Each structure stands twice: as C-alpha cells, then as structure tokens.
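Heads up: the structure comes next, in structure tokens.
Bear in mind that the values here come from a model prediction, so they are computed numbers and not experimental data.
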There are 4 protein chains.
Amino acid sequence: MGYSHMDSIISGRKPQTTPRKIASQARARATVDALVEATARILVRDGFDRASTNRIAEAAGVSIGSLYQYFPSKEALVVAVIERHNHDLMTIVTAAFAKANGKPLAAAIRLLVVAAIDAHRVDPELHRVLAEQTPRSGALANIELFQRDAHSIFRSYLEENRSGIRVRDLDLAAFICVTSIEALTHTAVIHRPDILVDERVEQLVEETSGLIAGYLGGADRGPSMTV
Amino acid sequence: MGYSHMDSIISGRKPQTTPRKIASQARARATVDALVEATARILVRDGFDRASTNRIAEAAGVSIGSLYQYFPSKEALVVAVIERHNHDLMTIVTAAFAKANGKPLAAAIRLLVVAAIDAHRVDPELHRVLAEQTPRSGALANIELFQRDAHSIFRSYLEENRSGIRVRDLDLAAFICVTSIEALTHTAVIHRPDILVDERVEQLVEETSGLIAGYLGGADRGPSMTV
Amino acid sequence: MGYSHMDSIISGRKPQTTPRKIASQARARATVDALVEATARILVRDGFDRASTNRIAEAAGVSIGSLYQYFPSKEALVVAVIERHNHDLMTIVTAAFAKANGKPLAAAIRLLVVAAIDAHRVDPELHRVLAEQTPRSGALANIELFQRDAHSIFRSYLEENRSGIRVRDLDLAAFICVTSIEALTHTAVIHRPDILVDERVEQLVEETSGLIAGYLGGADRGPSMTV
Amino acid sequence: MGYSHMDSIISGRKPQTTPRKIASQARARATVDALVEATARILVRDGFDRASTNRIAEAAGVSIGSLYQYFPSKEALVVAVIERHNHDLMTIVTAAFAKANGKPLAAAIRLLVVAAIDAHRVDPELHRVLAEQTPRSGALANIELFQRDAHSIFRSYLEENRSGIRVRDLDLAAFICVTSIEALTHTAVIHRPDILVDERVEQLVEETSGLIAGYLGGADRGPSMTV
DNA sequence: CATGAATGAGTATTCATTCAT
DNA sequence: GATGAATGAATACTCATTCAT
C-alpha cells in the first residue's frame, strides 16, 4: 500500500538490507516522488503539450539524466501521475463502499454519489488535464482503468445486495450506474461549477441518487422494462 | 444545406481559428472541403499528435501553402472538423426531437436514446479521436458545444412536456438526462463494443430509457426524493 | 520630370496616341503609383521584413497578379520607393543649391544645411525604414545613390566658388562636406529628436554650418593643419 | 579579459535576446564561442537574410539543438556578434583616448581620427553587414550603442580639456564631432576604398582632423558663430 | 549514480512567385 | 490585361532522448 503503484517503476532493484542501500533507496523514492509530483504540477500549470521532460526535471530539482534513470519515457511519467491519481480516487471510493455495505439501497447509493463528488474534488485541475488534454492511447488509456476498477467493485456490491435490486443483468446495471454517476459528478465538477455551490450540491446528490436508486430498485417498473 | 456547416466557418468568429479567405471560387471550395476531410481522415489514422499540417495537406492532395491560405492554423482545421462533426450529430438529434414531440414520455425518451446511439455511430473512430485525443482548450473547447446545444434542446422539450414530469428543476433535470444519455451511449460505443451487439443493443436502449423515464416520470418516488 | 524614375519601370510600352491606349496608360500609371505608395506605407507600418508582396498588393487595391505585371520582384518595388524618395530629397537639395549660388560661402553653406534637415524631414519614418531596415545589396544599394548625386552637385558648387575656398582637393572636400552634413542631419532626425526642438534646431544649424564653413574657408588653421 | 564581451551576454538584460544558459563547462563555452564566430562568418559570407540558424549551427559544427540551448533566437546570436564587435571597436577607441589625454588638441584629435579608421578596419566586411544589412530594431539597435558609448567618452574628454575649446555646448559638440568622425571613416572604409590607399589615407586623416580641430578650437570664428 | 551538453528529426508557418482561368 | 488559387522551398524553433564525463 502507500505507493504500491510505484513498485513497478522502481522494480529491477532487489530489496537489500545493507544500510547504505536502504539510504539510497530512500533517496531514490524521494526522487521518484519529486518527479511524479513535479509532473502533476507542470501538467496543471502548463498543460500536457507544454509539459516537457526538461521542464519537469527542472521543476523536480533533478537533472534530466536522473529523470530518465527512473522513468524510461515521458509517457511513463504521466502514467505514474495517472496511477497515483487513480489510487487517490480509489481510496475514497473503496472507503465509501465499505461504509455503504449493509446499509439500505437508497442510503448506500447516496454515500457512493457523495464519494464520487468528493473524489472528483481531490485535485480537480489535475483531473481536468488528465481527462481533457492527455491523449489516451497505449499506456495512457489507464485513466479508464479507474472506471474498470469502479465497475467491478460496484458489480460486487450489486451481487451482495441482489435482494433489493430489480435489475437482472448485473453487469449491464453496473455499467449504467457507474457510467452515469461518473459522468454526472465529473461534468458537474469540470463544467458546471454553478451546480456545486453549497445548496445546489445537495440537490445534485439527491437527484443523482434518485436516478440510480430509482433505476436499481424502482418500485414498479413492471416485469421487464415496462417504461 | 450541402455545406451549411461551412456557415459557421465562414462567419468570422474567433480570432485565430477563423478561416482566412472565403472560398468563393469552386476550385477553392473544393480545396477547403478536401482539407477538412483529409484532416478528419488523418486524425483517425494517425491520431491528433501525429496529425501534422504537412501530412494533412499531402493527404488532401494540396500544397501546404494552400492549406494556410484557408486555415490560419492547425487548430482552425481541427475546429472545422469538430464543427462539421457536431453538425452531423445535431442533425440526427434534432430530427429525433422532432419525431418525439407529442409522443408519450416513455416512447419519446426511447427515441432520443436510439438517436443518441445512432449519432455516436456516425463516425465512431473520429468521435473517439475528437473526444479522447484532442486537447480541449481555446477554440477546441467546441466539442462541448454539442453538449450545450443538446442540453438546451432537451430543456425546451421538458418545458413543453411538463405535465408528465415529476421533476421540478428543469435545468438540473436536463443536465442529468443529457449527461447520462451522452455518457452511456458514448462509453458504450467507444469502450464497450460488446454491449452493442445486436441483441444487447436493445437491452442497452431499454435500460437507458428506463433509467431516464424512471427518473423523469417515476411513479412514486415520494414527495421529495424519498429514496 | 515628375515620375521620371518610373519610365524605366513601365518601359516596354511604346508611346501610342490612340485614346484607348492613353486611357489605359493612365490607368497603368495609376496602378503603378498606387503600388509604390502602398509599398511605402506598408514599409513604414509593418517594417521591411513583414512587408510581403501580397500585403502590398492588397493595400494598393490591386491583385497580386497585377503587381507582378508591373514589378518583376519585391526588390523592384522597394527600389521604386527608394527612387521616389531620393527624387523628393533631390528636389529640395537642388533647389537649395540654386538659391545658394552666388551667395557668400557662409550663407550658402547655411542654406544647404537647412535644406539637408528639411530633406530628412520629408518622410522621416520612411527614411528611417529605408536606412535602417532595408538591406542594402544589389539593386537596393540605390539609397547610396542619393549620396553620390549630392556629392557631384556639391563638387560642382565648389568648383564654381573656388575663390573663397582654401581646400585644394575638391573631391575630398566634397566627400568631407557631404558626408558630414548628411550624417549630422540624418542622425539628428533619426536618433536625436531632442536636438530638433525649435530653439535647438537653430543651434544645430549654426554648429553644422560653422563646422563646414570653417573647414572650407577657415582663415588661419595654422601650420600643423595646413593641408 | 579573454571573454569579457561575454559579460554583457551572460548578464540577463533583454527578454528575448538573453542567452538561455550560462556556459559553465568548458565544452559549453567552446560551443558558445563557435556559434558566435560562425554567426559572424555566415553573416559576412551569406548576408543577414540568408543567415539561417540551421546554417549557422552547421558552420559552427554544432547541432541546431545546441544552438538553441544557448541562444533563444536568431536575434540573440546577432546581438552577441554585435556586442563582440562593439567591444573590439571600443578597445581601440578607448586606448586612443588614453593616449590622447594630455596631448595638445590638434594632436589628440589626430590620434582619435586614426583610431576611428583603425577601428573600422578591424573587420570591415562584418562591419558593413552589421551596418547595412542588419535591420536595426529592438535588441539589434545595439549597433548604435557603440555610438552612444563613443559619445559619452568624447564628452568626458571635452570636459577635461575645456580650456582649448571654443564651443560652449559640450553635448552638442560631442554629437557633432563623434557623428562626423564616425561617418567619415565609416563611409571611407565602406564606400570609398580609393580614399584609403596609402598616400590618400594620410590626406583623409589630415582633412578630418582639420575639420574637427578647426571646429573645436577654431581661432577666430568670432564670439558666437559669426559664420 | 548523477549530470547536463549534445542531438536532430520534426513542427507550424510564411511568402515570393507562377499560371490557368 | 486582370485575377487569385496554388505552390513549395525555406525558416525559426522544440523536445524527447542519449551518453561522455
């Protein structure tokens, strides 16, 4: 845990116990952290296109040579940022699921919606850049990884709470719910700051929760989709 | 008609993305069309980052000089593609709204959801590139314009059909509906081709329509969001 | 006279007397004038580097094709501007020489110095661009032509007024006088606007005239300077 | 000494013409020197307009990337050449002033005139390109800096030798003298090679010195400019 | 291990000039 | 003659990446 997403990056180094190695490991980790942090900061400040590796190295107080010692490419740097950001989001979301478990459907959904909004508020500027300016291809598709993770967690939740749920195709249901919640909270945070003003946030939460809860447990939508 | 998407191009709106010359002669108009089409093709084939103006000119069978005779920047070219694409989508969506008018809520929603899927299927590869790889900033933010347009049309629809609708804040309702429908159809088309296989498409339409119809006209969600 | 420098440009057309030809000749002349004037204007407004032939044609209200009908190259346009400007300067300078003839040396010199300042004030912005931004090479060296012309006129003057003059090598003397007067008035107009304020102009004229008159007719420059 | 002309380069003075990096390592310094030297050489060989950054880099035996590592623009390169050239000229001129101090006026002036000619002969081809082909604007105006420097040094000289001088307005006098000497030597070197042939050089020195000495100390030009 | 000097393919864009209509 | 669409060589400049020290 902690920086588990980093393991794969520094991988190649075998765990040694000699003090000196530990010391240098700590130093390496600090360098890596500084680079990831600098990348995030530059990404927000300058945008993806103007975020050059040289600029990132400079902002991290590290030489360009060292940057390439730890990250094989610019893409790897951005992937690390994405992974860290996803990790942060997942922390919030999984906590919400834990808290939701056992609660009645409506209350549970509500918790998840609030968590979704909270998650999007963690570092909205970074989130926006990652979502809007970072070309998604190859390894960079990872932003979608969050969605996949969220999807499978949500599906598990549905399975465990099958009783209160009317929908049969749990996979499709998870898709519908996760996609909607994500889109609504994302769009609100990124494009509709007016909706997030104190009083209105509550309204957004109510409506979104209503949308999902109505869909999942909708009292009388009849046998099969009697819309 | 015909090149009506060009209207917005010809009308001088934004400083750096406004075409330089109005293509009055037939030859010039052909050149402009070839450039926009080539841009779309290259965007799909090579991705946004590798779509250089030289490559686009070459693909259009036009000299780089001619490209800059009509488009002051690479961005202007992409804006033209976006506008053309948005125009194509809006054609489908507005037609659906026209057809939906007067119909009962459930049927109307269904029409709109089907239209949303159809719209996303117009040129999915281009849509994906525009959505995922094209940095949204400055004039390029126009991709969101489609959402705004869709939002206001939907809001009008809600006003005219207030009777069957339970929700009070029409603006928020429009936001919820448009955002959800867009996200669900978009994500399905872009990331879940498995969902779009013949039999399952029908299911997606049902579920999505149910989500929205349940939200808007939901029989008994109680006085105020008694979820 | 008038636009005699233009003859060489329109050359190739034989003088015809048929009204229609006269009419079209007049039109051609108007076009040529418009182009030369537009070039001067653009040169001042945008500087030499940003003065493109297309911009010049546009400013002249003439198509780029027509521009090349009358001027074989961008350089030819600038040469025409230089020639016109030189012509304007020479008009002032020759008038001054005419007026100076017969006057005593001191008074004559004074007239010439005043004329030099007046000449530099004809179109100082254009003069500056021509002097500072226009690369002098090939046909563009013509700016120096003015100096040559001035030199030979001045030499003639010295010959006709040999009596009051102490200097023997008239050629060298002409060089010294013309170069000094030109440099002093030019530099003052271009770089020292503070010197040209009303009261100080008079002082500049006095000092410059004194410099030249002292040199040419200097009573007793003593042994060491006895050239 | 050695690279003292670099001082002004290293000190960050103007926004766009200031070098990017301080060349600390020996290799880097060699690169910077090679670039400045190559720029001068290319300027002379090809002229300002045809001196492209790629050509300069090639001539310096350095990659275009390295060029931009040290100089943020083509202009910066030319500014460096100008500064180096000015430095070279000032070395000669200040030495002459040092030698002139204490000497009687006529002899002192003579030394300065000779120094002016020498200075113009340092690298006449470069001097010509800098003076004639290099557009003077923005940071490139620095060529005039030399004149300013020369002006203030000369003014100081006049102050210290007030006794032998008839002129009252020292500022104006310095302007007259510096401008004349500069113009005469410059024009002779650049446009009148015939004047600089052995025997005639002496004559040019005499006449120029006479012009200036007569002006400054002219025996009897009466109380105030009785010309 | 760290440094930072060096690289060079690649990019967007301009502009003098030509020539079919 | 006039037009203006088309050309394409040329330019300044960036940036991910390598490698000698």
Can you tell me if [X] touches the phosphate of [N], counting only side-chain N or O atoms and a distance under 4.0 Å to OP1 or OP2?
X	N	answer
D/T31	E/dA6	yes
B/Q69	F/dG4	no
D/R27	F/dT21	no
D/S63	E/dA6	no

Options [options], nucleotide nearest the side-chain atoms of [X]:
X	options	result
D/Y70	F/dG8, F/dT3, E/dA5	E/dA5
A/I64	E/dA12, E/dA5, E/dC15	E/dA5
B/Y68	E/dT13, E/dA5, F/dT17	E/dT13
B/N54	E/dT13, F/dA2, F/dT11	E/dT13

Side chain to side chain contact (heavy atoms under 4.5 Å, CB included) assessment of B/F48 paired with B/V78:
CA-CA 9 Å; B/F48 182 86; B/V78 178; 3.9 Å; yes
Touch check for [X], heavy atoms < 4.0 angstrom, all strands: base, sugar-phosphate only, or nothing?
X	result
A/A51	sugar-phosphate
B/S66	base
A/S52	sugar-phosphate

Taking the six-membered ring of C/Y68 as reference, does the NZ or CZ atom of C/K74 fall below 6.0 Å from its centre and within a 45° cone about the axis?
no
Mind checking who E/dA20 pairs with, Watson-Crick or G-U wobble, both distances under 3.5 Å?
F/dT3
